[in-house]
Amino acid sequence: MPLWLDFLTTPMAAPETCGLRRLRYGWQALCLTLAASIVAQGELRELVGRLAPAATGVLLAAAVMTTLLYLGAKHRADTAFLDMPRETE
């Protein structure tokens, strides 16, 4: 089998576990909430006053931390999956 065809048939990422899926969904929810808080900053400022920018900053920090956690967990899962011995035909 040519090398390029072997590459095409080799999985390049680990299957997503329930924990990784929950982390990804949480990260997506944080990103969407952050985007909504940025778009609605004027309305938020009317509702909660000077606390609105701080709340958006907290969402930003949480999104960054969750991104780092997710990328680290995904990298570890992919590395462990790719390091597993494979059956050869």
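Computed from a predicted structure; not experimentally measured. Any value given below was found using the heavy atoms of this structure, including those in side chains, with hydrogens, waters and symmetry copies removed.
A distance of 9.0 Å separates NZ of K74 from CZ of R24, quoted to the nearest 0.5 Å. To the nearest 0.5 Å, atoms CG (L71) and OG1 (T66) are separated by 10.5 Å. Put simply, CG on L32 and CD on Q28 are 7.5 Å apart, with the number rounded to the nearest 0.5 Å.
A search for salt bridge (charged side-chain N to carboxylate O under 4.0 Å, His left out) contacts involving E43 returns nothing, not counting sequence neighbours. Legend: residues meeting salt bridge (charged side-chain N to carboxylate O under 4.0 Å, His left out) with R50, ordered by chain and number and at least two apart, are absent. Qualifying salt bridge (charged side-chain N to carboxylate O under 4.0 Å, His left out) partners for R76, counting only residues two or more places apart in sequence or in other chains: none. With sequence neighbours excluded, no residue forms a side-chain hydrogen bond (donor to acceptor under 3.5 Å, both in side chains) with T33.
Contact between L20 and A77 at its shortest, heavy atoms only, is CD1-CB, 3.9 Å. Listed here is the closest heavy atom pair of R45 and P53: NH2-CG, 2.9 Å.
Taking a 4.5 Å side-chain heavy-atom cut-off between Ile, Leu, Val, Met, Phe, Trp and Tyr, the cluster of L47 extends to V48, L51. Grouped with V58 in a hydrophobic cluster is no other residue, since no side-chain heavy-atom contact under 4.5 Å to another Ile, Leu, Val, Met, Phe, Trp or Tyr is found.
Using a 4.5 Å heavy-atom threshold, the side chains of L69 and W27 count as separate.
If you chain together hydrophobic residues whose side chains sit under 4.5 Å apart, I38 and L60 fall into the same group.
Considering T67, L59, V64 in turn, L59 is the only one that fulfils the side-chain contact (heavy atoms from CB on, under 4.5 Å) rule with L30.
The environment of R22 atom CZ is sparse: at most 12 non-hydrogen atoms of other residues, nucleotides or ligands sit within 6.0 angstrom.
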